[in-house]
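The structure under discussion appears below in the form of structure tokens.
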Amino acid sequence: MTRWLAEYAWLPDHAEPTPDVLIEAEDGRITAVTPLVGGGAPAAGVEVLGDATRLPGLTLPGLANAHSHAFHRALRGRTHGGRGDFWSWRDVMYTVAARLDPDSYLALARAAYAEMALAGITCVGEFHYLHHGPDGKPYDDPNAMSAALVEAAAHAGIRLTLLDACYLTSTVDGEPLVGPQRRFGDGDALRWAERVAAFRPEDGHVRVGAAIHSVRAVPAEQLATVANLADRAGVPLHVHLSEQPAENDACRAVHGCTPTRLLADHGVLGGHTTAVHATHPTSVDISLLGESRTGVCLCPTTERDLADGLGPVRRMAEAGSPLSLGSDSHAVVDLFEEARAVELDERLRTRQRGHFTAAELLTAATVGGHAALGWGDAGRLSVGDRADLVTVRLDSARTAGVPPVGAFFAATAADVTTVVVDGRTVVAEGRHLTVDVPAELHAAITEVTRS
Ligand SMILES: [Zn+2]
């Protein structure tokens with residue numbers, strides 16, 4: 001049995017944090033959550049607190065990063081040549097993609113995931129499409145790159161949902177993959193499905209899900225093959241959707257409909273599906289997503305970095321789409337920043353304040369993200385859930401004087417002091433216990449960006 005005494009803890013269905021909460025866990029699960037009465041005095045029936053680890057500040061459930069491309073971490077700060085547009089970003093991205101092999105992928109992903117752990121992220125959804133050798137030839141183990149990601153997450157101490165992405169073509173009208181893109185492709189959706197079905201990691205920290213890279217990368221007649229595999233296996237299915245208006249234009253030109261309609265017509269939408277970005281949906285698209293309970297994963301810091309635009313986020317939430325958050329290209333790894341951007345971007349878009357409560361932002365960052373990644377038993381400080389704890393200090397230069405309920409509008413990843421994943425402490429006093437994160441990031445990124 002492990003016990004923690006949180007100065008404040010944000011409990012499920014509470015509009016704001018509760019002071020003095022005793023949290024107990026055994027075998028990685030929360031066994032008791034007990035608010036103490038009157039400033040730390042034990043309530044009746046609660047034993048002495050001598051063995052409880054004190055957690056000064058605000059303790060949250062584990063944060064879920066629902067959309068990641070681990071290797072994009074090597075691009076941070078390197079994509080602004082000239083003035084830096086989407087294409088200069090993609091050129092650098094392809095240069096890095098061309099260099100990675102299972103060993104360097106493991107080193108880079110391990111460091112990137114450890115940075116996430118430092119930021120309070122206890123679970124990551126890796127949207128994985130870097131499958132094969134640089135010329136498109138499969139490795140001896142065709143899932144060697146997937147295995148590298150599983151190992152990386154284990155070293156970093158966080159859970160992983162490996163969203164294995166089907167990526168077959170380079171344009172909506174079916175042009176073949178060329179150059180660095182050849183690594184992404186399996187030929188057709190059936191061969192993709194065979195490879196994914198053969199990958200069965202048994203580690204408790206990982207689950208395998210599916211992804212459609214985008215309507216650009218999977219021909220319409222093969223969308224159902226991917227959707228059926230995910231449906232039969234009961235695993236999450238993620239898809240990049242309408243990130244840029246150009247994708248909508250190309251889809252209309254080829255198929256006569258929006259990407260969302262195309263996905264709906266081929267059985268891709270539903271409660272196990274998450275649309276990533278959904279920045280440029282039509283009103284009908286919003287209804288299709290909401291009525292099917294398709295989730296929407298927002299990646300505001302990447303969307304701002306890539307000049308994608310601002311999506312109608314509140315409308316999508318009200319239409320019925322659960323929200324989750326992702327750091328995507330890792331221009332920033334900070335779910336506090338992603339969460340407040342959901343509200344702040346909506347203010348910029350509408351010139352009005354007050355679209356989301358702090359509790360709604362917390363839900364997107366925690367239970368919403370975990371649900372999108374297939375972990376229905378994580379993201380809440382409640383009995384029976386996974387024992388994930390993230391403590392944020394309230395005495396830093398950023399957070400001093402801030403009421404606990406305001407943490408999502410003040411704290412940064414640098415304010416995270418303690419991270420517990422499945423009952424195991426991964427970060428203490430703001431330091432990762434097993435990975436020297438800055439040193440490993442520096443080494444791994446130098447290795448794959450050297451000219
Ligand atoms: Zn992405």
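Scope of the values below: all heavy atoms of this structure, side chains included, with no hydrogens, waters or symmetry mates. All residue numbers refer to positions in the sequence shown, counting from 1.
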Can you list the steps and then say if Val276 with Cys299 is a side-chain contact (heavy atoms from CB on, under 4.5 Å)?
CA-CA 8 Å; Val276 181; Cys299 310; 4.0 Å; yes

Flag for Asn248-Ser242: side-chain donor and acceptor within less than 3.5 Å
yes

Using modelled atom types and a 3.5 Å cut-off, is there a donor and acceptor pairing between side-chain atoms of Asp231 and backbone atoms of Ala227?
no

Sidechain-backbone polar pair: Glu343 side chain, Gly354 backbone, donor-acceptor under 3.5 Å:
yes

CD-CG distance between Glu338 and Asp328, expressed to the nearest 0.5 angstrom:
8.5 Å

Indicate yes or no: at least one non-hydrogen side-chain atom of Val313 is less than 4.5 angstrom from one of Leu323.
yes

Could you go through the side-chain contact (heavy atoms from CB on, under 4.5 Å) check for Leu263 and Val239 one step at a time?
CA-CA 9 Å; Leu263 296 179; Val239 53; 3.9 Å; yes

By the definition side-chain contact (heavy atoms from CB on, under 4.5 Å), identify the one residue from Ile121, Leu118, Leu149, Leu108 that meets it with Tyr113.
Leu149

Any donor-acceptor N/O pair, His238 side chain to Ala372 backbone, under 3.5 Å
yes

Checking the side chain of Thr412 only, and the main-chain atoms of Asp334 only, is there a donor and an acceptor separated by less than 3.5 Å?
no

Does the pair Glu337/Arg304 count as a salt bridge with the N-to-O cut at 4.0 Å?
yes

Salt bridge check: are Arg386 and Asp422 linked by an N-O gap of less than 4.0 Å?
yes

Within 6.0 Å of CZ in Arg347, more than 12 heavy atoms from elsewhere
yes

Test salt bridge (Lys or Arg N to Asp or Glu O under 4.0 Å) on Glu115 and Arg76 and set out the steps.
CA-CA 13 Å; Glu115 182 189 358; Arg76 188 184 295 175; 3.1 Å; yes

Are Val196 and Val208 packed together at the side-chain level, in the sense that at least one heavy-atom pair is separated by less than 4.5 angstrom?
yes

Between atom CH2 of Trp10 and atom CG of Leu381, what is the distance when rounded to the nearest 0.5 Å?
11.5 Å

Pair Asp308, Thr279: side-chain N/O donor-acceptor within cut-off below 3.5 Å:
no

Any chance you could measure Thr391, atom OG1, to Asp415, atom CG, to the nearest 0.5 Å?
12.0 Å

Are the side chain of Arg340 and the backbone N or O of Phe408 linked by a donor-acceptor pair below 3.5 Å?
yes

Under 6.0 Å between the ring centres of His240 and His67?
yes

Considering all heavy atoms, the nearest Ala365-Leu335 contact
O-CD1, 4.1 Å

Are Leu22 and Leu36 close enough that some pair of their side-chain heavy atoms sits under 4.5 Å apart?
yes

Applying side-chain hydrogen bond (donor to acceptor under 3.5 Å, both in side chains), run through His355 and Arg314 and close with a yes or a no.
CA-CA 7 Å; His355 302 274; Arg314 186 71 231 177; over 6 Å; no

About how many Å separate CG of Leu160 and CZ of Arg207, when rounded to the nearest 0.5 Å?
11.5 Å

For the pair Ser68 and Glu126, evaluate side-chain hydrogen bond (donor to acceptor under 3.5 Å, both in side chains) and give the outcome as yes or no after the intermediate values.
CA-CA 5 Å; Ser68 159; Glu126 178 69 24; 2.7 Å; yes

Closest heavy-atom pair and its distance - Trp192, Cys166:
NE1-N, 3.4 Å

Verify the distance criterion only: is there a donor paired with an acceptor across the side chains of Tyr167 and His128 at less than 3.5 Å?
no

If you measure only the distance, is there a donor-acceptor pair under 3.5 Å linking the side chains of Thr258 and Thr260?
no

Proximity of Trp89 and His72 rings by center, below 6.0 Å:
yes

Is Arg159 positioned over the aromatic face of Trp375, cation under 6.0 angstrom from the ring centre and no more than 45 degrees off axis?
yes

Here the pair of heavy atoms bringing Gly120 nearest to Val419 is CA-CG2, 3.8 Å

Taking atom CZ of Arg261 as the centre, report whether more than 12 heavy atoms of other residues, nucleotides or ligands fall under 6.0 Å from it.
no

Pair Val420, Val426 - check side-chain contact (heavy atoms from CB on, under 4.5 Å), show working.
CA-CA 6 Å; Val420 174; Val426 175; over 6 Å; no

Heavy-atom check, side chain of Thr366 versus side chain of Leu63, under 4.5 Å
yes

How long is the span from the CG atom in Asn65 to the CG atom in Leu373, to the nearest 0.5 Å?
8.5 Å

Answer whether the closest heavy-atom distance between the side chains of Ile445 and Arg73 falls below 4.5 Å.
yes

Check for a donor-acceptor pair, side chain of Thr294 on one end and backbone N or O of Thr274 on the other, with a separation under 3.5 Å.
no

With side chains defined as the heavy atoms from C-beta onward, is the minimum distance between Val268 and Ile212 less than 4.5 Å?
yes

Evaluate the criterion side-chain contact (heavy atoms from CB on, under 4.5 Å) for residue pair His213 and Phe127; output intermediate values, then yes/no.
CA-CA 8 Å; His213 179 275; Phe127 195 109; 4.0 Å; yes

Is it the case that the side chain of Arg349 and the backbone of Gly311 share a donor-acceptor pair, with hydrogens and angles ignored and the cut-off at 3.5 Å?
yes

When the ring planes of Phe184 and Tyr94 are compared, do they come out parallel, tilted or perpendicular, using 30° and 60° as the limits?
tilted

Do side-chain atoms of His205 reach the backbone of Val150 as a donor and acceptor pair under 3.5 angstrom?
yes

Kindly say whether Gly369 contributes a backbone atom to a donor-acceptor pair with the side chain of Ser324 at under 3.5 angstrom?
no

Taking the side chain as every heavy atom from C-beta outward, state whether Leu55 and Leu389 have any pair of such atoms under 4.5 Å apart.
yes

With no hydrogens and no angle check, is any side-chain donor or acceptor of Ser327 less than 3.5 Å from a backbone partner on His330?
no

Steps toward salt bridge (Lys or Arg N to Asp or Glu O under 4.0 Å) verdict (Arg393, Asp395):
CA-CA 6 Å; Arg393 58 190 299 179; Asp395 62 353; 2.8 Å; yes

Between atom CG of Leu229 and atom OG1 of Thr225, what is the distance when rounded to the nearest 0.5 Å?
9.0 Å

Considering non-hydrogen atoms only, spot the tightest contact between Cys297 and Gly326 and give its length.
SG-N, 3.7 Å

Identify the heavy atoms of Ala117 and Val427 that sit nearest to each other, and give their distance.
O-CG2, 3.7 Å

Does atom NE2 of His272 have more than 12 heavy-atom neighbours, drawn from other residues, nucleotides or ligands, at distances under 6.0 Å?
no

Does the distance from a Lys or Arg side-chain N to an Asp or Glu carboxylate O, for Arg216 and Glu243, drop under 4.0 Å?
no

Go through the side-chain N and O atoms of Ser329 and Thr302 and say whether any donor and acceptor fall under 3.5 Å apart.
yes

Is there side-chain contact between Ser146 and Asp164, with heavy atoms separated by less than 4.5 Å?
yes

Carefully, step by step, assess Arg380 and Asp13 under the rule salt bridge (Lys or Arg N to Asp or Glu O under 4.0 Å).
CA-CA 9 Å; Arg380 286 170 303 251; Asp13 306 317; over 6 Å; no

